[in-house]
**Student:** 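Mind having a look at this structure? Questions to follow.
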Amino acid sequence: MIQKPRGTIDIMPEEMPYWYKIEQTAREVSALYGFSELRFPTFENTELFARGVGDTTDVVQKEMYTFTDREGRSLTLRPEGTAGVARAIIENGRCSDAMPLKLFYIINCFRYEKPQAGRSREFFQYGAELFGSDSAAADATMIALAKSVIEGIGITGAKLHINSIGCPSCRPEYHAKLREFFASNEDKLCPTCRERLKTNPLRILDCKNEACKRLTEGAPKTIDCLCEPCAGHFESLKGLLAASGIGYTVDTTIVRGLDYYTHTVFEFISDKIGAQSTICGGGRYDGLIKQLGGPALPGIGFAMGITRLILAMKASGVELESGIKPRLYIAPMGEAAQIAALSITSELRGAGINAECDIVGRSLKAQMKYADKIGAQYTLIIGDAELESRRAILKNMETGEQSEIGVRDIDALRRLLG
RNA sequence: GUGGGUGUAGCUCAGAUGGUUAGAGCGUCAGGUUGUGGCCCUGAAGGCCGUGGGUUCGAUUCCCAUCACUCACCCCA
């Protein structure tokens with residue numbers, strides 16, 4: 001047997017109602033907020049991610065599905081959506097549209113990681129991006145959109161965490177302060193954090209190691225080292241959230257792993273779905289468009305992992321009915337009846353009524369069992385006797401009641417079932 | 001990439017200090033009066049006991065490796 005590749009998932013029919021619910025809610029709520037849907041390539045030139053996401057990030061360094069095509073071009077399966085959207089709006093000249101430009105997408109992404117609960121190599125996300133505003137009001141709008149979607153699909157108990165990681169003008173100073181703070185305790189840090197001290201000290205704050213956690217107490221926080229504009233932006237955001245009644249906690253450990261983030265970063269976290277608890281992650285990326293060769297255009301966006309949303313929905317007690325139940329099952333006996341059954345089925349379907357009939361050639365008893373199993377509301381029995389008398393037997397499967405109805409009386413059936 | 005757990009029928013799981021025909025429940029299919037479901041009864045199909053090596057007279061059972069699933073680290077959605 002050939003198995004599916006590691007880290008991929010099959011989504012069987014029983015699961016589809018959850019996907020429909022999320023996709024439908026995402027589209028409706030996005031539209032409500034004035035966002036338009038777009039689609040873009042599953043693979044891009046590798047350079048897009050190297051430059052956009054950042055070639056020092058884990059995602060780019062060790063998690064991308066990169067391959068060479070027949071012409072020797074280096075291509076990469078998208079590991080996230082923002083870089084593709086940014087490229088698309090630059091390439092399609094939308095940076096000169098009326099601002100803000102508000103877009104959303106529902107896509108699959110690929111990352112070569114070791115699978116676990118809430119994490120797979122092909123994963124799916126709903127994301128939204130807002131370009132052309134560097135105002136905190138834009139941040140608040142994005143957070144409100146994310147919250148509406150999360151609540152709209154029935155997830156309860158998700159917590160909003162926000163932080164500001166500064167901008168290119170205040171970050172170097174912050175890194176220096178962090179290095180200074182940890183310098184005396186360098187030997188007590190875990191090996192990875194000792195490395196982080198040199199490369200990206202910001203990440204030490206995110207370490208799960210107990211010893212490191214203790215050492216981070218009292219460490220300088222990004223929000224204490226923000227430059228004037230950054231601090232002002234963060235204060236405005238907090239004010240706007242409070243004014244809209246959106247609860248939040250300032251979480252100085254949120255450190256996004258994608259280089260393009262600046263200023264505001266945020267996550268919605270569910271504590272009921274295992275270790276991969278971030279169901280929505282996002283932030284501001286004011287330098288990205290320029291970095292990719294476009295104009296200096298600020299932006300902010302987020303993405304939500306759809307399978308994680310489903311885990312959170314189920315943990316929140318959301319139960320969705322699966323399966324399509326026919327209104328009528330037609331049980332023919334004999335060849336003549338089979339012909340009649342097929343044509344009645346077809347006419348009912350044409351009238352928008354879900355009807356089924358036997359196409360396996362089962363006995364009447366087996367057909368009744370089958371009709372019961374698939375949840376048919378009515379069964380219409382047609383045999384030679386019924387063709388003769390032109391009166392078929394209609395059985396209500398719930399009550400067991402039987403009555404007669406004209407064999408070809410489609411109108412009567414439509415009245416009953418429509 | 002690192003670590004823990006698991007791998008027996010479609011599903012959920014038993015099982016034997018290593019010994020000849022590997023079990024149950026559910027599900028599927030067929031019957032239980034000649035044209036009728038849900039309950040009940042009977043029967044059938046369906047497993048090289050994840051794969052490859054090793055130890056052994058003999059391995060599904062013990063050992064090793066490998067693959068897959070799973071949880072966690074890491075990272076992130």
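Both backbone and side-chain heavy atoms feed into the values below; hydrogens, waters and symmetry mates do not. Labels below follow one simple rule: chain letters A, B, ... track the order of the sequence lines, proteins then strands, and each chain is numbered from 1.
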**Student:** Indicate, yes or no, whether a donor-acceptor pair under 3.5 Å links the base of B:G37 to the side chain of A:Glu398.
**Tutor:**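 Side chain to base: no pair present.
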**Student:** In whole angstrom, give the distance that lies between atom NZ of A:Lys369 and atom P of B:G32.
**Tutor:**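 Interatomic distance, NZ of A:Lys369 to P of B:G32: 10 Å.
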**Student:** What contact category does A:Gly81 fall into here, base, sugar-phosphate, or nothing, at under 4.0 angstrom with non-hydrogen atoms?
**Tutor:**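 It contacts nothing in the nucleic acid.
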**Student:** Decide whether a cation-pi geometry holds between A:Arg94 and A:Phe131; the criteria are a distance under 6.0 Å from NZ or CZ to the six-membered ring centre and an angle within 45° of the ring axis.
**Tutor:**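 No; the conditions do not both hold, so A:Arg94 does not lie above the ring face of A:Phe131.
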**Student:** Ignoring hydrogens and angles, are the base of B:C75 and the side chain of A:Glu63 linked by a donor-acceptor pair under 3.5 Å?
**Tutor:**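 No.
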**Student:** For A:Gly274 and A:Asn396, take the nucleotide of RNA chain B holding the closest heavy atom to each; which residue's nucleotide lies nearer the 5' end?
**Tutor:**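 First, find each residue's nearest nucleotide; the 5'-ward one identifies A:Asn396.
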**Student:** Please confirm whether the shortest side-chain N or O distance from A:Gln116 to OP1 or OP2 of B:C71 is below 4.0 Å.
**Tutor:**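 For A:Gln116, the contact criterion (side-chain N or O under 4.0 Å from OP1 or OP2 of B:C71) is not met.
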**Student:** Considering the options A:Val53, A:Ile289, A:Asp286, which one meets the side chain to side chain contact (heavy atoms under 4.5 Å, CB included) requirement together with A:Tyr260?
**Tutor:**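 Only one of A:Val53, A:Ile289, A:Asp286 forms a side chain to side chain contact (heavy atoms under 4.5 Å, CB included) with A:Tyr260, namely A:Val53.
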**Student:** Between A:Arg390 and A:Glu404, is there a side-chain N and carboxylate O pair less than 4.0 Å apart?
**Tutor:**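 A salt bridge is absent here (no side-chain N lies under 4.0 Å from a carboxylate O).
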**Student:** Could you check A:Asp139 against A:His233 for side-chain hydrogen bond (donor to acceptor under 3.5 Å, both in side chains), going step by step and ending with a plain yes or no?
**Tutor:** CA-CA 10 Å; A:Asp139 303 26; A:His233 185 97; 2.7 Å; yes
**Student:** For the pair made of CD in A:Gln367 and C1' in B:A30, what is the distance, rounded to whole Å?
**Tutor:**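 A:Gln367 atom CD is separated from B:A30 atom C1' by 15 Å.
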**Student:** Quick one: is B:U33 close enough that its OP1 or OP2 comes under 4.0 Å of any side-chain N or O from A:Lys365?
**Tutor:**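 No, A:Lys365 has no side-chain N/O under 4.0 Å of OP1/OP2 on B:U33.
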**Student:** Output the distance between atom CG (A:Leu348) and atom CD (A:Glu356), rounded to the nearest 0.5 Å.
**Tutor:**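 So the CG of A:Leu348 and the CD of A:Glu356 are separated by 11.5 Å.
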**Student:** Do you know which of A:Asn108, A:Ile107, A:Ile22 makes side chain to side chain contact (heavy atoms under 4.5 Å, CB included) with A:Ile306?
**Tutor:**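 Testing each of A:Asn108, A:Ile107, A:Ile22 against A:Ile306, the sole residue satisfying side chain to side chain contact (heavy atoms under 4.5 Å, CB included) is A:Ile22.
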**Student:** Under 4.0 Å between any heavy atoms, over every strand shown, what does A:Cys280 touch: base, sugar-phosphate, or nothing? Just pick one.
**Tutor:**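 Since only primed, P, OP1 and OP2 atoms lie under 4.0 Å of A:Cys280, the category is sugar-phosphate.
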**Student:** Whether A:Arg121 engages the ring of A:Tyr112 as a cation-pi pair (distance to the six-membered ring centre under 6.0 angstrom, angle to the ring normal within 45°) should be assessed.
**Tutor:**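 Because its charged atom sits under 6.0 Å from the ring centre and within 45° of the axis, A:Arg121 does stack over A:Tyr112.
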**Student:** Any salt bridge linking A:Lys314 with A:Glu15? Criterion: basic side-chain nitrogen under 4.0 Å from a carboxylate oxygen.
**Tutor:**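 Salt bridge between A:Lys314 and A:Glu15, a charged N being under 4.0 Å from a carboxylate O: yes.
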**Student:** So what stems show up for RNA chain B if we need 3 or more Watson-Crick or G-U pairs in a row, all under 3.5 Å?
**Tutor:**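 Counting only runs of 3 or more consecutive pairs, the stems involving RNA chain B are B:1-7 with B:67-73, B:10-13 with B:23-26, B:28-32 with B:40-44, B:50-54 with B:62-66.
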**Student:** Over all strands shown, is A:Gly383 touching base, sugar-phosphate only, or nothing at heavy-atom distances under 4.0 angstrom?
**Tutor:**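 The residue A:Gly383 makes no contact with any strand.
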**Student:** Taking A:Glu129 as the fixed residue, which of A:Phe302, A:Phe104, A:Tyr105, A:Phe35 is the one that meets the side chain to side chain contact (heavy atoms under 4.5 Å, CB included) rule?
**Tutor:**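 So the option named by the test is A:Tyr105.
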**Student:** Kindly say whether, by distance alone, the side chain of A:Arg308 makes a donor-acceptor pair under 3.5 Å with the base of B:C76?
**Tutor:**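 Side chain to base: pair found, below 3.5 Å.
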**Student:** So if I take every side-chain heavy atom of A:Ile393 and compare against B:G1, B:C69, B:U36, which nucleotide ends up nearest?
**Tutor:**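 Output: B:U36.
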**Student:** Within the structure shown, what part of the strands sits under 4.0 Å from A:Gly127 by heavy-atom distance: base, sugar-phosphate, or nothing?
**Tutor:**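 Contact class for A:Gly127: none.
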**Student:** Using a distance-only criterion (donor-acceptor N/O pair, under 3.5 Å, no hydrogens), is the base of B:G38 paired with the side chain of A:Asp372?
**Tutor:**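 Donor-acceptor pair under 3.5 Å: no.
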**Student:** B:C29 phosphate, OP1 or OP2: any side-chain N/O from A:Arg362 under 4.0 angstrom?
**Tutor:**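 For B:C29, OP1 or OP2 has a side-chain N or O of A:Arg362 closer than 4.0 Å.
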**Student:** Checking all strands, does A:Ser270 fall into the base, sugar-phosphate, or nothing category for heavy-atom contacts under 4.0 angstrom?
**Tutor:**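 The residue A:Ser270 makes no contact with any strand.
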**Student:** Considering only atom P, compute the distance from B:A16 to B:C62 and round it to an integer number of Å.
**Tutor:**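 It comes out at 11 Å once rounded to the nearest Å.
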**Student:** Dump the pairs, protein N or O against N or O of nucleotides 2-5 of chain B, anything under 3.5 Å, distances to one decimal.
**Tutor:**
residue: B:U2; atom: O4; partner: A:Lys114; partner atom: NZ; Å: 2.8
residue: B:G3; atom: O6; partner: A:Lys114; partner atom: NZ; Å: 3.3

**Student:** Does A:Tyr370 have A:Arg362 sitting over its ring (NZ/CZ under 6.0 Å from centre, angle to axis within 45°)?
**Tutor:**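 Yes, cation above the ring, under 6.0 Å and within 45°.
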**Student:** Atom NZ in A:Lys369, atom CD1 in A:Ile374: separation rounded to 0.5 Å?
**Tutor:**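 That separation rounds to 15.0 Å.
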**Student:** If you measure from OG on A:Ser148 to CD on A:Glu28, what distance do you get to the nearest 0.5 Å?
**Tutor:**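 Separation between the atoms: 12.5 Å.
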**Student:** Under 3.5 Å, is there any donor-acceptor pair linking the side chain of A:Gln402 to the base of B:U36?
**Tutor:**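 Counting by modelled atom types and ignoring angles, a donor-acceptor contact under 3.5 Å is found here.
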**Student:** Looking at A:Arg308 and A:Ser277, would you say the former's side chain and the latter's main chain have a donor-acceptor pair under 3.5 Å?
**Tutor:**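 No.
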**Student:** Can you tell me how far C1' in B:G43 sits from the matching atom in B:C48, rounded to whole Å?
**Tutor:**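 Taking atom C1' in both B:G43 and B:C48, they lie 26 Å apart.
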**Student:** Between B:A9 and B:G54, how far is it from one C1' atom to the other, in whole Å?
**Tutor:**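 That atom pair is separated by 29 Å.
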**Student:** Write down the distance separating the C1' atoms in B:G15 and B:U8, rounded off to the nearest Å.
**Tutor:**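 Between the two C1' atoms, the distance is 9 Å.
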**Student:** With heavy atoms under 4.0 Å as the rule, sort A:Glu122 into base, sugar-phosphate or nothing.
**Tutor:**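 Nothing, no nucleic acid heavy atom in range.
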**Student:** In whole Å, what is the span from the CD atom of A:Glu113 to the C1' atom of B:G1?
**Tutor:**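 So the CD-C1' distance, A:Glu113 to B:G1, works out to 11 Å.
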**Student:** Heavy atoms under 4.0 Å, any strand shown: does A:Leu309 hit a base, just sugar-phosphate, or nothing?
**Tutor:**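 The answer is nothing, as A:Leu309 stays clear of every strand by at least 4.0 Å.
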**Student:** Please state how far atom CD in A:Gln377 lies from atom C1' in B:G37, giving the value in whole angstrom units.
**Tutor:**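 Interatomic distance, CD of A:Gln377 to C1' of B:G37: 15 Å.
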**Student:** Say you pick atom C1' in B:G32 and the same atom in B:U6; how far apart are they, in whole Å?
**Tutor:**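 Comparing C1' positions in B:G32 and B:U6 gives a spacing of 42 Å.
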**Student:** Using a heavy-atom cut-off of 4.0 Å across all strands, would you classify A:Ala385 as base, sugar-phosphate, or nothing?
**Tutor:**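 Touches a base.
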**Student:** Do A:Tyr370 and the base of B:G37 stack face to face, with centres under 5.5 Å apart and an angle between planes under 30°?
**Tutor:**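 No; centroid distance or tilt outside limits.
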**Student:** Say you pick atom C1' in B:G7 and the same atom in B:G52; how far apart are they, in whole Å?
**Tutor:**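 That atom pair is separated by 15 Å.
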**Student:** Rounded off to whole Å, could you give me the NZ-to-P distance for the A:Lys62 and B:G1 pair?
**Tutor:**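 After rounding, the reported distance stands at 11 Å.
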**Student:** Is any side-chain nitrogen or oxygen of A:Arg6 closer than 4.0 Å to OP1 or OP2 of B:C67?
**Tutor:**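 Indeed not, no polar side-chain atom of A:Arg6 lies that close.
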**Student:** Determine the interatomic distance between C1' on B:U56 and the same-named atom on B:A14; round to the nearest Å.
**Tutor:**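 B:U56 and B:A14 have their C1' atoms separated by 27 Å.
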**Student:** On RNA chain B, check which nucleotide each of A:Ala366 and A:Ile381 is closest to and give me the residue with the more 5' one.
**Tutor:**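 The residue closer to the strand's 5' end, by nearest nucleotide, is A:Ala366.
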**Student:** The side chain of A:Gln3 lies closest to which of these nucleotides: B:C67, B:A77, B:C69?
**Tutor:**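 Ranking B:C67, B:A77, B:C69 by closest atom to the A:Gln3 side chain puts B:C67 first.
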**Student:** Provide the distance between the two C1' atoms, one in B:C49 and one in B:A68, to the nearest whole Å.
**Tutor:**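 About 16 Å, rounded to a whole number of Å.
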**Student:** Any base atoms under 4.0 Å from A:Gln276, or only sugar-phosphate, or nothing? Heavy atoms, all strands.
**Tutor:**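 Base, at least one base heavy atom under 4.0 Å.
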**Student:** Nearest whole angstrom, please: distance from the C1' of B:U28 to the NZ of A:Lys373.
**Tutor:**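 Spelled out: NZ on A:Lys373 to C1' on B:U28 is 7 Å.
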**Student:** When the distance from CG of A:Leu364 to C1' of B:U33 is rounded to whole Å, what number comes out?
**Tutor:**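 Going from A:Leu364 (CG) to B:U33 (C1'), I get 14 Å.
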**Student:** Determine the contact category for A:Ala371: base if any of its heavy atoms lies under 4.0 Å from a base atom, sugar-phosphate if only primed atoms, P, OP1 or OP2 are that close, otherwise nothing.
**Tutor:**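 No contact at all - A:Ala371 keeps every heavy atom at 4.0 Å or more from the nucleic acid.
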**Student:** Which whole-number value in Å describes the distance from A:Arg121 CZ to B:G1 C1'?
**Tutor:**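 Distance check: A:Arg121 CZ to B:G1 C1' gives 11 Å.
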